[in-house]
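Worksheet for the structure shown next.
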Amino acid sequence: MTSFSLGDTDFLRDGQPHQVISGAIHYFRVHPDQWQDRIRKARLMGLNTIETYVAWNAHEPERGAWDTTGWNDLGRFLDLVHEEGLDAIVRPGPYICAEWHNGGLPVWLTGSVDGLRSSAPDFLAEVSAYLRRVYDIVAPRQIERGGPVVLVQIENEYGAYGADQAYLEALVAVTRDAGITVPLTTVDQPVDRMLRDGSLPELHKTASFGSRSTERLATLRRHQPTGPLMCSEFWDGWFDWWGGVHHTTDVHAAAADLDALLAAGASVNIYMFHGGTNFALTNGANDKGRYLPLVTSYDYDAPLDEAGNPTAKFFAFREVIARYAPVPDELPPAAPAAPAFEVDLRAAGAWTEGEGIEPRTALPQTFDALGHRSALIRYDVELPTEHGGLLLVGEVRDLAWASVDGRPVGTLSRTRQDRALRIPPGRTLSILVEDQGRVNYDHRLGEEKGLIGEITLDGVPLAGWRSTPLDVAELAAGVAARATADGGGDGPSAWTAEFALDAAADLFLDTAAWSKGFAFVNGFFLGRYWRNGPQRTLYVPEPVTRTGANSLVVLELEQVLDPVARFVGGLALGATEE
């Protein structure tokens, strides 16, 4: 069998120097029926390796409900990589960041265990059980057993978070005990403190950066004096957040930095080769003083765009790689234009007004206290006076719509750091709160969602709250099953449409005529849309469409400006900064 090891200056494949030229594809962000297509295109760009994170919260959204089927079939993904003749790098975390909700950690974990990402016994017990399950899949697929896996990463940019060496040692012990024999790596940004704190002497240090390759490799070499140099996250683009711009990087500058890496003899993992999509409610968020939820698209300005089509970077990177490694003559076929058409939406009534069954409590119940993993909770309370007044909220996580006796009166936004709203006279106050995405970075991992703290009206605490969880996917299925449609009032409204296709195809749903909400095609949860931008289209993967009749459900939280669903010929991800 083939061997893979660390040499004095290079990776060694069967004892010969080997330069890893890898690209990231996250299996959990790509429809499983499209994995093979994306992997094959990686080979055609000249890559010899595919890297992926493992998202713990995708595999175990509820404690004990371990899933490796469908979208979570990591084994099948690695087998497809192997069938294409490529190697694989696996990064199981447990923390992955990745702009993925809660940094990949399950909400049930972060809400119940202290000492996240540390050697705290309770956390280590959960992490060890998780890793053993992952390694049951990975260990038989290592290169020395005839599989594709050549490297496994321990934790992820840990030096930016902590310095608990006992924690890293415990992860290494679990990994080796589970039969992982390939080299183990860590990754940190090329900063002395992070490289020092985020690894162990027996682990091979790599770095993450997207520019100034020569300088940053020199920093890495100071901390990793022997063995191969590797940038295991070469940032060729960036992610987007609601209310921002669509981030792109200069093609020629990115290609020049890749060239500098390869010319130095360093190995590389391009982050991302294909970003994919934060389908459903899987987007993360950043909060470095201001909460910024991330958009549904994870296009990342990568060599393959969100829909899996080659971009200018694909061809520029391919040209660079060809200077250092064999590149196939074959090129990916040009993608046909997607079907472009429009169809009228039919009003299907209100969708957030179901009767609450939860008992009344002194304070609103959080998403976490209710074990609610969907996007919305409606909070209702009887007002003690009909004179109105100033409503003051401890904190809203993350966006709230307030109404009095069914009449909208305003919004409270975590991003805007709102806390106060003047409400009119009335009998019942309702506040609909959206979890816009769990923070995926730093020390806000696992924070609670909903209305946080005491809520007062003119200084008097409001008590007797009913907290009603709303499952967006279940509500959409109920809307789709309605025999008749009816109009909506002033609040959130549901809309439906049917459309016919000559054949299954990738589609791009233009949401510019709507305000904010969620969309589903044939029951598949495409994700969130918002006029706040930059993203304008939702990507509809070909495998969720079908020849003949197809259905669309839109759950609008504010106002549909034009009751039409428009499908356009390609991605529209928003304005960029020049």
Side-chain angles (χ1 to χ4, degrees), residues 4-13 16-24 46-49 51 87 89 91 97 150-163 165 168 183-238 249-273 300-303 313 316-317 319-325 441:
F4 194 92
S5 61
L6 302 173
D8 291 338
T9 57
D10 301 279
F11 290 112
L12 301 178
R13 188 185 184 87
Q16 299 301 310
H18 176 76
Q19 191 169 28
V20 175
I21 306 176
S22 174
L47 301 183
N48 57 31
T49 307
E51 174 270 317
D87 292 336
I89 300 170
R91 303 168 74 191
C97 186
V150 295
L151 295 171
V152 168
Q153 183 178 290
I154 299 296
E155 246 283 354
N156 188 56
E157 290 194 326
Y158 186 63
Y161 182 89
Q165 302 294 288
L168 296 178
L184 304 181
T185 66
T186 55
V187 61
D188 283 286
Q189 296 175 44
V191 175
D192 289 334
R193 176 185 60 81
M194 295 182 186
L195 285 166
R196 181 192 68 235
D197 292 348
S199 193
L200 298 170
E202 65 266 33
L203 299 175
H204 191 73
K205 299 177 180 69
T206 72
S208 53
F209 54 86
S211 61
R212 293 165 30 209
S213 297
T214 303
E215 169 192 340
R216 283 159 170 169
L217 287 176
T219 301
L220 175 61
R221 182 52 88 195
R222 290 201 306 272
H223 291 266
Q224 184 61 56
T226 64
L229 290 171
M230 183 171 185
C231 176
S232 58
E233 278 193 26
F234 173 68
W235 303 324
D236 60 349
W238 208 242
T249 57
D250 182 78
V251 173
H252 301 295
D257 275 301
L258 177 62
D259 196 7
L261 272 171
L262 297 178
S267 288
V268 66
N269 175 58
I270 296 166
Y271 190 99
M272 300 288 297
F273 167 70
Y300 215 84
D301 195 34
K313 269 187 189 146
F317 284 10
E319 183 178 335
V320 169
I321 292 168
R323 298 170 195 156
Y324 304 95
Y441 187 77

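- Judged purely by atom type and a 3.5 angstrom limit, Gln224 uses its side chain to pair as donor or acceptor with the backbone of Lys205.
- Taking the side chain as every heavy atom from C-beta outward, Gln189 and Glu157 approach each other to under 4.5 Å.
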#### Entry: Steps toward side-chain contact (heavy atoms from CB on, under 4.5 Å) verdict (Phe11, Leu151)
CA-CA 10 Å; Phe11 290 112; Leu151 295 171; 3.9 Å; yes
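- Annotation for Tyr441 and Ala160: closest pair OH-CB, 3.8 Å, computed over non-hydrogen atoms.
- Distance CG/Asn48 to CG/Asp87: 6.5 Å, rounded to 0.5 Å.
- Closest approach of Thr214 to Ala260, counting heavy atoms only: OG1-CB, 4.4 Å.
- For Gly46 against Ile321, the heavy-atom pair with the smallest separation is O-CG2, 3.6 Å.
- One finds the CD atom of Glu155 at 10.0 Å from the OG1 atom of Thr186 (value rounded to the nearest 0.5 Å).
- Taken from CG in Leu195 to CZ in Arg222, the straight-line distance is 9.0 Å, to the nearest 0.5 Å.
- No side-chain donor-acceptor contact under 3.5 Å links Glu51 to the backbone of Ser22.
- At a threshold of 4.5 Å between non-hydrogen side-chain atoms, the residues Met230 and Val20 count as touching.
- Across Asp188, Asn269, Thr206, a single residue satisfies side-chain hydrogen bond (donor to acceptor under 3.5 Å, both in side chains) together with Ser232, and that is Thr206.
- Annotation: Glu319, atom CD; neighbour count of heavy atoms from other residues, nucleotides and ligands within 6.0 Å does not exceed 12.
- The minimum heavy-atom distance between Asp197 and Gly162, with the atom names listed, is CB-O, 3.7 Å.
- The NE2 atom of His204 sits 14.0 Å away from atom CD1 of Ile154, with the distance rounded to the nearest 0.5 Å.
- Note: Tyr158 and Tyr161 have tilted aromatic rings, judged against thresholds of 30 and 60 degrees for the angle between ring planes.
- Remark: side-chain polar atoms of Asp257 are paired, donor with acceptor, to backbone N or O of Arg212 under 3.5 angstrom.
- The closest side-chain donor-acceptor pair between Asp259 and Tyr324 falls under 3.5 angstrom.
- Aromatic ring orientation, Tyr271 versus Tyr300: perpendicular (interplanar angle above 60°, classes split at 30° and 60°).
- Distance CD/Glu215 to CZ/Phe209: 9.5 Å, rounded to 0.5 Å.
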### Message
side-chain contact (heavy atoms from CB on, under 4.5 Å), that's the test. Do Thr249 and Lys313 meet it? Break it down for me.
### Response
CA-CA 10 Å; Thr249 57; Lys313 269 187 189 146; 2.6 Å; yes
### Message
With side-chain contact (heavy atoms from CB on, under 4.5 Å) as the criterion, how do Leu47 and Ile270 come out once you've worked through the C-alpha distance, each side chain's angles and the decisive distance to 0.1 Å?
### Response
CA-CA 9 Å; Leu47 301 183; Ile270 296 166; 4.1 Å; yes
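- Listed here is the closest heavy atom pair of Asp236 and Ala302: OD2-CA, 4.0 Å.
- Annotation for Gly237 and Asp301: closest pair CA-CB, 4.3 Å, computed over non-hydrogen atoms.
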### Message
Test side-chain contact (heavy atoms from CB on, under 4.5 Å) on Asp192 and His223; report intermediate values, then the result.
### Response
CA-CA 8 Å; Asp192 289 334; His223 291 266; 2.8 Å; yes
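- Between His18 and Phe4, the ring planes lie perpendicular to each other; the angle is over 60°, past the 30° to 60° tilted range.
- Side-chain contact between Leu184 and Val152 is present, with heavy atoms from C-beta onward closer than 4.5 Å.
- The closest donor-acceptor contact from the side chain of Ser208 to the backbone of Glu233 lies at 3.5 Å or more, if one exists at all.
- Note that CG of Leu12 is 8.0 Å distant from CG of Leu6, once rounded to the nearest 0.5 Å.
- Side-chain contact annotation: Arg216 with Ser211, donor-acceptor N/O pair under 3.5 Å present.
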